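Reckoned from all heavy atoms, side chains included, excluding hydrogens, waters and symmetry mates. Chain identifiers are assigned alphabetically (A, B, ...) following the order of the sequence lines, protein sequences preceding nucleic acid strands; residue numbering begins at 1 within each chain. Since the model is a prediction, treat every value here as computed from it, not as a measurement.
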Amino acid sequence: MKNPVLALFSNARFPYPYSMFHDKPRSLGGFGDELGFRNPHSPLIPKPAGEKRIFMLGNSAVHSLPAPSEPNLPLATQQAFHERGQAGVKVYNYGIESGNSGQSLMLFLDQLIDLQPDLVIAYDGATDLIVPFHYDPRPGYTFNNYILEVIHEAIAEDKLADLNIVKSERERRELIRKRVNFGSSDWRESLAAAYVNRVAKFCHLARCFGIKFVHIMQAVYRKNLPAEAEKRIAAQTEFLAFGYDMFERAAGGIRGLKHQFSDSNCFRFDDFSRAFIDEPEHRFKDWAHVNGIGNRIVAGMIADLTYEMVAQ
Amino acid sequence: MTEQQILDALAVAIAEEIGAKGVIVTRDTQAADIGGWDSMGHGRIIANLEDALGVELDMDRAFAIANVGELVDLVREAIIARA
């Protein structure tokens, strides 16, 4: 078990302006690019002729490998496009480990619009809607902001050497939980609203910059019958019930955006949170991450959803 | 305090942290066997356990355990030290 302080400051959470944190450049054993994302190399400017450039934003479900021998979701999606005859498609992984929609939004505004995207896909939801159950409960905050506050105060007061991160983290979280009325319906609505608000800003910015945009609520563990290997996930009944409620609340807001931005072929919205509900086989590693086969299924769904947008 | 009482207290501490009901742990249980038991959650579980049992654990060792059995042994040592 890794010390939580070290886990918080891993190479996948290197500090950057605006987007808060993502990979340390070239830090992932050959998989990290010079801009700090999980790609063999960063996007070339100008874009090579014939390249259809897709950026995929999101949390660890985008960023990470489902298994060492398996492609991550962006790479699996690229393969799915190639299998469907679109050989020019290149999908760049701009996922952030533990990242939320606000961080993705800042990446979009600060970096992606300069990188000549043909399409931007945001595949997310879990960190915005469910992670506040365990980490910073304030709507819209990064998962670790309260811990950074604790560390900041310890530095400012010259008490870093005395800091017991385990106790301080838990105390701060409890304090903030009381402040936000943790667990209440109002709190849940605020979390969902913060998320939907970010997606709305994505849409407005995409329209402003003439960029095609797709928003997908990610697949989460939601199954009628857990496979044997998934029973430890299914046992988190209270946590999962919270997650399902949060996804339902947010889905209502996203449906409103779908209506608002239905005037062109530049937008697509979908909700994959129930994608595996009738799937009896083992597809989930934990509540927010599918295994290699699950990843290929999701990649195929994304390619099918966006095929026409990319072909045009 | 018996080993089973420590295991029961740990099960409650885990359930509180991960949002589960009916958590069952044995000496062989590892964090990876329990959905939602990540590194920060581990810290909170340790803190919950300390509060519940009124003991103070060696944090370096608490983060180095390989399974629940090692954590139980650490708790027993702390109980003996407290006495």
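Atoms CD1 and CD1, from A:I233 and B:I18 in turn, are 11.5 Å apart once rounded to the nearest 0.5 Å. One finds the CD1 atom of B:I14 at 11.5 Å from the CD atom of A:Q236 (value rounded to the nearest 0.5 Å). From A:R170, atom CZ reaches atom CD1 of B:I45 across 11.5 Å, with rounding to the nearest 0.5 Å.
Under a cut-off of 6.0 angstrom, the local environment of CG in A:N224 is crowded, with over 12 non-hydrogen atoms contributed by other residues, nucleotides or ligands. Around CD of A:E157, the count of heavy atoms belonging to other residues, nucleotides or ligands within 6.0 Å exceeds 12. Counting heavy-atom neighbours within 6.0 Å of B:I24 CD1, excluding the residue itself, gives a total of 12 or less.
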Working note: B:M59 + A:V166, criterion side-chain contact (heavy atoms from CB on, under 4.5 Å); need CA distance, chi angles, decisive distance, verdict. CA-CA 9 Å; B:M59 279 298 151; A:V166 173; 4.1 Å; yes
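Within the 4.5 Å cutoff, no side-chain heavy atoms of B:M40 are placed close to those of A:H134.
Only the backbone of B:A32 comes within contact range of chain A, with at least one heavy atom under 4.5 Å from a heavy atom of that chain. In this structure, the portion of B:I34 lying under 4.5 Å from any heavy atom of chain A is its backbone and not its side chain. With a 4.5 angstrom heavy-atom cutoff, A:Y135 touches chain B via backbone and side-chain atoms both. Heavy-atom distances place the side chain of A:I147, and not its backbone, under 4.5 Å from chain B.
Note: A:F239 leads A:F242, A:W287, A:F239 in heavy-atom pairs under 4.5 Å with chain B.
Taking all atoms of both residues into account, the shortest heavy-atom contact from B:A20 to A:A235 is CB-O, 3.3 Å.
Using a 4.0 Å cut-off between charged nitrogen and carboxylate oxygen, A:K167 and B:D51 do not count as a salt-bridge pair. Under a 4.0 Å N-O distance rule, the pair A:R173/B:E17 qualifies as a salt bridge.
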